[in-house]
Amino acid sequence: MLFTQLVLTCMPPTHIDVTKLCKKVQQMRSKLIRLCGEAEGLLETHFSTILASYDNPLHHLNIFPYYTNYLKLSQLEFNILTKHCSNVPNQVAFVGSGPLPLTSIVLASFHLKTTSFHNYDIDPSAKSKALRLVSSDPDLSRRMFFHTTDIMDVTNGLKEYDVVFLAALVGMDKDEKVRVVEHLAKYMNPGAVLMLRSAHGARGFLYPVVDPCDLRGFQVLSIFYPTDEVINSVIIARKFPMPKHCSAEHPVGPMKLPNKCFDIDMLNPLLNHVNLMEELDIEDQLS
């Protein structure tokens, strides 16, 4: 209940830039993000355990209090992906999948029905709990794989994925997040897509904020800022080949272009439209 009240407090649009707050408030924000991350982990573990008690856990996902949010967020991310990728991805990695990998489950069930999903988490119990959820489903148990691995230890294996999703709480502060992004930039295949979750405005008190300028080695394609109960912003970027004049020590960074804003109507979360406050679309501005 307290977590929900905090989320509702941070939801309304605001011009707060959390990166410009004083040091004391930044420290409080950092502690709050870690507390929320721990709370979310406990919440997912609790409901994953409950779901595993059913014969068909995937038929009861709606008991999770934020399931609708995941439906909308997954729809949003699928819309973004299809706008910038002409082919259905063969293999997808989700980094930071946790004990209740709802994004992978929803995308695999409703949107990417032939894609294989490789879910990474450093917690061994997350893997065992997640496996129990999909083991009874003939289709998903064939297409969903779980790895107890720190993504920083995965190197050439990252080249297998057409798309890599990075959960909002992988990298709890800016430095950690940048290190993960640099690792992905080093080992992902050229042309592969990176989907990151960030936060905008007061929602930055709940999740780390990703600056597009930190995505060195990637071409930032679009940034989406939802205004409804979907809390996370979404950034989509594509890894590009390293130019000959650049080195590993001085990789090229993302392009900076002016914002382009427009609105899209809000419809059913399972349809191909979502409510967006603002879309920063790099590709459209280049055309």
Asks: Within the structure provided, determine whether Phe3 and Tyr66 are in side-chain contact (heavy-atom separation under 4.5 Å).
Replies: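 Answer yes - side chains close enough.
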
Asks: Does the side chain of Gln91 come within less than 4.5 Å of Thr115's, by heavy atoms?
Replies: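 Of all side-chain heavy-atom pairs linking Gln91 with Thr115, none is under 4.5 Å.
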
Asks: Decide whether Ile122 and Phe146 are clustered together by the hydrophobic rule: side chain heavy atoms of Ile, Leu, Val, Met, Phe, Trp, Tyr closer than 4.5 Å, transitively.
Replies: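 Ile122 does not cluster with Phe146.
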
Asks: With sequence neighbours left out, write down each residue that passes salt bridge (Lys or Arg N to Asp or Glu O under 4.0 Å) with Lys24, or none if nothing qualifies.
Replies: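 So Lys24 forms no salt bridge (Lys or Arg N to Asp or Glu O under 4.0 Å) with any residue.
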
Asks: Apply side-chain hydrogen bond (donor to acceptor under 3.5 Å, both in side chains) to the pair Ser136 and Tyr54, showing each step before the final yes or no.
Replies: CA-CA 10 Å; Ser136 62; Tyr54 291 97; over 6 Å; no

Asks: List the steps, then state whether side-chain hydrogen bond (donor to acceptor under 3.5 Å, both in side chains) holds for Tyr207 with Glu40.
Replies: CA-CA 11 Å; Tyr207 295 102; Glu40 285 193 43; 2.5 Å; yes

Asks: Tell me whether Leu102 is reachable from Phe110 by hopping between hydrophobic residues (I, L, V, M, F, W, Y) whose side-chain heavy atoms are closer than 4.5 Å.
Replies: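 Result: yes, single cluster for both.
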
Asks: Taking the side chain as every heavy atom from C-beta outward, state whether Val234 and Leu73 have any pair of such atoms under 4.5 Å apart.
Replies: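 Yes, at least one pair of side-chain atoms sits under 4.5 Å.
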
Asks: With rounding to the nearest 0.5 Å, note down the distance linking NZ in Lys23 to CD in Gln27.
Replies: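 That separation rounds to 5.5 Å.
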
Asks: In terms of side-chain geometry, is the basic nitrogen of Arg216 or Glu182 positioned less than 4.0 Å from the acidic oxygen of its partner?
Replies: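 Salt bridge: no.
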
Asks: When you compare the side chain of Val95 with that of Asn119, does any pair of heavy atoms fall below 4.5 Å?
Replies: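 No, side chains not in contact.
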
Asks: Can a side-chain donor-acceptor contact be found between Gln75 and Tyr70 if the only test is distance below 3.5 angstrom?
Replies: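 Distance-only check fails for Tyr70 and Gln75.
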
Asks: Salt bridge check, Lys113 against Asp139: does any charged N sit closer than 4.0 Å to a carboxylate O?
Replies: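 Salt bridge absent between Asp139 and Lys113.
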
Asks: Can you tell if the side chain of Pro208 reaches within under 4.5 Å of the side chain of Asp173, non-hydrogen atoms only?
Replies: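 A side-chain contact is absent here, since even the closest heavy-atom pair is not under 4.5 Å.
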
Asks: Quick test of your reading of the model: are Glu77 and Arg197 salt-bridged, counting only N-O distances below 4.0 Å?
Replies: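 Answer for the salt bridge query: yes.
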
Asks: Could you verify whether a donor N or O on one side chain and an acceptor N or O on the other, from Tyr120 and Thr148, lie under 3.5 Å apart?
Replies: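 There is no such pair between these side chains.
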
Asks: Would you call the rings of His183 and Tyr187 parallel, tilted or perpendicular, taking 30° and 60° as the class edges?
Replies: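 His183 and Tyr187: tilted rings.
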
Asks: How many angstroms lie between atom OG1 of Thr49 and atom NZ of Lys129, to the nearest 0.5 angstrom?
Replies: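 If we round to the nearest 0.5 Å, Thr49:OG1 and Lys129:NZ are 3.5 Å apart.
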
Asks: With a 4.5 Å heavy-atom cut-off, do Leu107 and Thr103 have their side chains touching?
Replies: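 Yes - at least one pair of side-chain heavy atoms lies under 4.5 Å apart.
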
Asks: With rounding to the nearest 0.5 Å, note down the distance linking SG in Cys36 to CE in Met172.
Replies: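 Taking SG in Cys36 and CE in Met172, the distance rounds to 8.5 Å.
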
Asks: May I ask you to check whether Lys83 and Ser222 show a side-chain donor-acceptor distance below 3.5 Å?
Replies: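 Not at all, the side chains of Lys83 and Ser222 share no donor-acceptor pair under 3.5 Å.
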
Asks: Do Asp214 and Lys177 come within less than 4.5 Å of each other through their side chains, counting heavy atoms only?
Replies: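 No - every pair of side-chain heavy atoms lies 4.5 Å or more apart.
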
Asks: When the ring planes of His147 and His118 are compared, do they come out parallel, tilted or perpendicular, using 30° and 60° as the limits?
Replies: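 The rings of His147 and His118 lie parallel, inter-plane angle below 30°.
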
Asks: Grab the two heavy atoms, one from Thr45 and one from Pro99, that are nearest each other, plus how far apart they are.
Replies: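 What the structure gives for the nearest pair is OG1-CG, 3.5 Å.
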
Asks: Check this for me, if you would: do Asp121 and Lys127 make a salt bridge, where the nitrogen-to-carboxylate-oxygen distance has to be below 4.0 angstrom?
Replies: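 Judged by the 4.0 Å cut-off on N to carboxylate O distance, Asp121 and Lys127 do not form a salt bridge.
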
Asks: Any side-chain heavy atom of Leu196 within less than 4.5 Å of one from Val181?
Replies: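 Yes, their side chains come closer than 4.5 Å.
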
Asks: Once the angle between the rings of Phe64 and Phe47 is folded into 0 to 90°, is it parallel (under 30°), tilted (30 to 60°) or perpendicular (over 60°)?
Replies: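 Taking Phe47 first and then Phe64, their aromatic rings stand perpendicular (interplane angle over 60°).
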
Asks: Which residues satisfy the salt bridge (Lys or Arg N to Asp or Glu O under 4.0 Å) test with Glu160, sequence neighbours excluded?
Replies: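 In terms of salt bridge (Lys or Arg N to Asp or Glu O under 4.0 Å), with neighbours along the sequence ignored, Glu160 is linked to no residue.
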
